[in-house]
Amino acid sequence: MIQELSIINSTPKIRRPLKQGRFGNPLLSRKQVERCVELLAESISNYYCSMANGGDDVVFLTVMHGGKTFSSDLAPLCASQPAPSLKDPGYRSWYASYRVVDRYIDIKSYDGQIRGEPVVMASDLTRENLAGKRVLLIDDICETGNTIVETIQFIRKLCRYSQQDIDRLVRTVTFLWKPECPSQSLRPDWYGYRTSMHFLSGYGMDSKDGSCRQLPAIFIDDNRQSMVKKPSWAFRFDQSETGSPINRSQKPR
Ligand SMILES: O=P(O)(O)OC[C@H]1O[C@H](OP(=O)(O)OP(=O)(O)O)[C@H](O)[C@@H]1O
Ligand code: HPA
């Protein structure tokens, strides 16, 4: 206890500002990231609260290592979301009407900026802990979508799911989405921001030299001017529960 206090007291108060150029140009501040995660959490929670079997577990499946930072911000907010509206007389039954269960899958698709085939390195998923449960796949960024598609394939094989099972049970959220990627195979159900085709780092995303993953904000790694398109916070493409949630084969508009 005393030791803890002494650690707190000795924490230096000086905060060095992030210098432009050192990590690339700043793209999204910590404040923007935090606000966006809050909005995503609200939308995701509303969605799972509105499910007919709202009391079920929802497996928050983090795609490691990139998705770790976003997931650890998102999951506690989702688990503690209040009702969609506190004026709603039924809000007590909506509150925490689903339970978040943490699982992970470690998939590697990139070596620095060189794109390769996604390979599953490790996972704590088993048929027993996954079959029949709703799954929210969480990752930092969707570029080609191959990582997410590979994860979905992994789930499909493990649980012997049909496409209808996948459509019913699996949803995806990435903090960033690059809709302009020419070889894109998927768009996430939810995303925080759309970005253009620049290599980004920070907030879980690895940089060329592997030094920026832990940064709390997002940077452009290639030092060129980039743009963040008008934010589409907490956007879902299709709210229907039974219909196909994602048009996985089509390129986004
Ligand atoms: O949509 P895609 O084109 O598949 O790209 C997105 C994936 O690429 C990165 O992972 P990476 O393979 O670099 O591994 P990491 O998560 O360990 O950084 C990122 O974290 C996503 O998982
Ligand atoms: O822009 C990116 N940055 C880091 N990792 C990535 N994986 C796909 N795109 C990116």
Side-chain angles (χ1 to χ4, degrees), residues 23-28 32-33 36-37 40 60-75 102-125 135-155 170-229 237 246-252:
F23 304 111
N25 293 320
L27 185 69
L28 291 167
Q32 284 172 303
V33 169
C36 186
V37 176
L40 283 168
F60 275 34
L61 178 58
T62 305
V63 182
M64 300 293 266
H65 291 276
K68 180 179 64 141
T69 314
F70 174 40
S71 177
S72 12
D73 281 352
L74 184 75
D102 276 325
R103 300 270 172 227
Y104 80 93
I105 184 163
D106 184 1
I107 294 207
K108 196 86 198 146
S109 307
Y110 289 77
D111 181 9
Q113 287 188 24
I114 315 291
R115 191 186 292 151
E117 284 297 307
V119 179
V120 178
M121 316 293 283
S123 164
D124 66 349
L125 295 175
V135 179
L136 179 67
L137 233 147
I138 305 169
D139 207 351
D140 49 355
I141 186 160
C142 175
E143 187 168 318
T144 60
N146 292 348
T147 304
I148 292 179
V149 168
E150 187 63 25
T151 308
I152 292 172
Q153 284 303 104
F154 184 88
I155 294 173
V170 181
R171 298 291 179 270
T172 54
V173 57
T174 63
F175 190 75
L176 299 171
W177 177 42
K178 292 185 180 173
E180 289 158 20
C181 177
S183 50
Q184 191 157 73
S185 53
L186 175 138
R187 56 189 183 194
D189 288 311
W190 289 271
Y191 59 86
Y193 284 94
R194 299 180 204 202
T195 69
S196 52
M197 286 301 293
H198 290 276
F199 199 78
L200 307 173
S201 59
Y203 201 52
M205 287 176 292
D206 216 355
S207 54
K208 272 184 240 166
D209 64 358
S211 65
C212 295
R213 225 195 253 283
Q214 307 306 332
L215 295 177
I218 292 175
F219 296 81
I220 305 160
D221 213 29
D222 53 15
N223 270 327
R224 277 179 290 154
Q225 206 48 44
S226 184
M227 88 181 151
V228 176
K229 293 221 169 123
F237 283 93
I246 314 157
N247 199 343
R248 295 193 166 98
S249 57
Q250 255 185 22
K251 269 180 68 177

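Being a predicted model, the structure only gives us computed values, none of them experimental. Whatever order the structure lists them in is the order used to number ligands and atoms, beginning at 1. Just so you know, residue 1 is the first one in the sequence shown, and it goes up from there.
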Inset, instruction - Could you go through the side-chain contact (heavy atoms from CB on, under 4.5 Å) check for F70 and V173 one step at a time? - result: CA-CA 10 Å; F70 174 40; V173 57; 3.9 Å; yes
Within the 4.0 Å heavy-atom shell around [X], which atoms of ligand 1 are there?
{"X": "H65", "result": "15 (P), 16 (O), 17 (O)"}
{"X": "M64", "result": "16 (O)"}
{"X": "I107", "result": "14 (O)"}
{"X": "C142", "result": "1 (O)"}
{"X": "D139", "result": "20 (O), 21 (C), 22 (O)"}

Validation row: [X], [Y] side chains within 4.5 angstrom (heavy atoms):
{"X": "M205", "Y": "I141", "result": "yes"}
{"X": "V120", "Y": "D106", "result": "no"}
{"X": "C36", "Y": "Y193", "result": "yes"}
{"X": "L61", "Y": "L136", "result": "no"}
{"X": "S185", "Y": "N146", "result": "yes"}

Legend entry - D206 neighbourhood, listing ligand 2 atoms whose heavy-atom distance to it stays under 4.0 Å: 4 (C)
Inset, instruction - Considering the heavy atoms of H198, write down every atom of ligand 2 situated less than 4.0 Å from one of them. - result: 1 (O)
Legend entry - N or O contact, V63 vs ligand 1, cut-off under 3.5 Å: no
Legend entry - Within-cut-off N or O pair, D206 and ligand 1, under 3.5 Å: no
Inset, instruction - State whether the shortest distance between N or O atoms of E143 and N or O atoms of ligand 2 falls below 3.5 angstrom. - result: yes
Inset, instruction - Please say whether K178 places an N or O atom under 3.5 Å from an N or O atom belonging to ligand 2. - result: yes
Inset, instruction - Return yes if a side-chain donor-acceptor contact under 3.5 Å exists between T144 and S183, otherwise no. - result: no
Inset, instruction - Run the salt-bridge test on R194 and E180 with the 4.0 Å N-O cut-off and return the result as yes or no. - result: no
Nearest-neighbour protein heavy atom for [atom], which is reported as residue plus atom name and distance:
{"atom": "atom 10 (O) of ligand 1", "answer": "Y110 CD1, 4.4 Å"}
{"atom": "atom 14 (O) of ligand 1", "answer": "K108 NZ, 3.4 Å"}
{"atom": "atom 16 (O) of ligand 1", "answer": "G66 N, 2.9 Å"}
{"atom": "atom 6 (C) of ligand 1", "answer": "I141 O, 3.3 Å"}
{"atom": "atom 7 (C) of ligand 1", "answer": "T147 OG1, 3.4 Å"}
{"atom": "atom 12 (O) of ligand 1", "answer": "S109 N, 2.5 Å"}
{"atom": "atom 3 (N) of ligand 2", "answer": "L200 O, 2.6 Å"}
{"atom": "atom 19 (C) of ligand 1", "answer": "D140 OD1, 3.2 Å"}

Legend entry - S196 side, atom OG; K178 side, atom NZ - distance, nearest 0.5 Å: 8.0 Å
Inset, instruction - Take L28 and L176 through the side-chain contact (heavy atoms from CB on, under 4.5 Å) test and state the conclusion after the steps. - result: CA-CA 11 Å; L28 291 167; L176 299 171; 4.1 Å; yes
Inset, instruction - Decide yes or no on side-chain contact (heavy atoms from CB on, under 4.5 Å) for F219 and C212, but give the supporting numbers first. - result: CA-CA 9 Å; F219 296 81; C212 295; over 6 Å; no
Inset, instruction - Measure the distances from the heavy atoms of R213 to every atom of ligand 1 and state whether one is below 4.0 angstrom. - result: yes
Legend entry - Option with minimal heavy-atom separation from atom 2 (C) of ligand 2, where the choices are F199, F219, Y203: F199
Inset, instruction - Can you figure out which of T174, L200, T144, T62 has its heavy atom closest to atom 2 (P) of ligand 1? - result: T144
Inset, instruction - For the pair T151 and T172, evaluate side-chain contact (heavy atoms from CB on, under 4.5 Å) and give the outcome as yes or no after the intermediate values. - result: CA-CA 10 Å; T151 308; T172 54; over 6 Å; no
Legend entry - Result of checking D140, D73, T69 against Y203 for side chain to side chain donor-acceptor pair (under 3.5 Å): D73
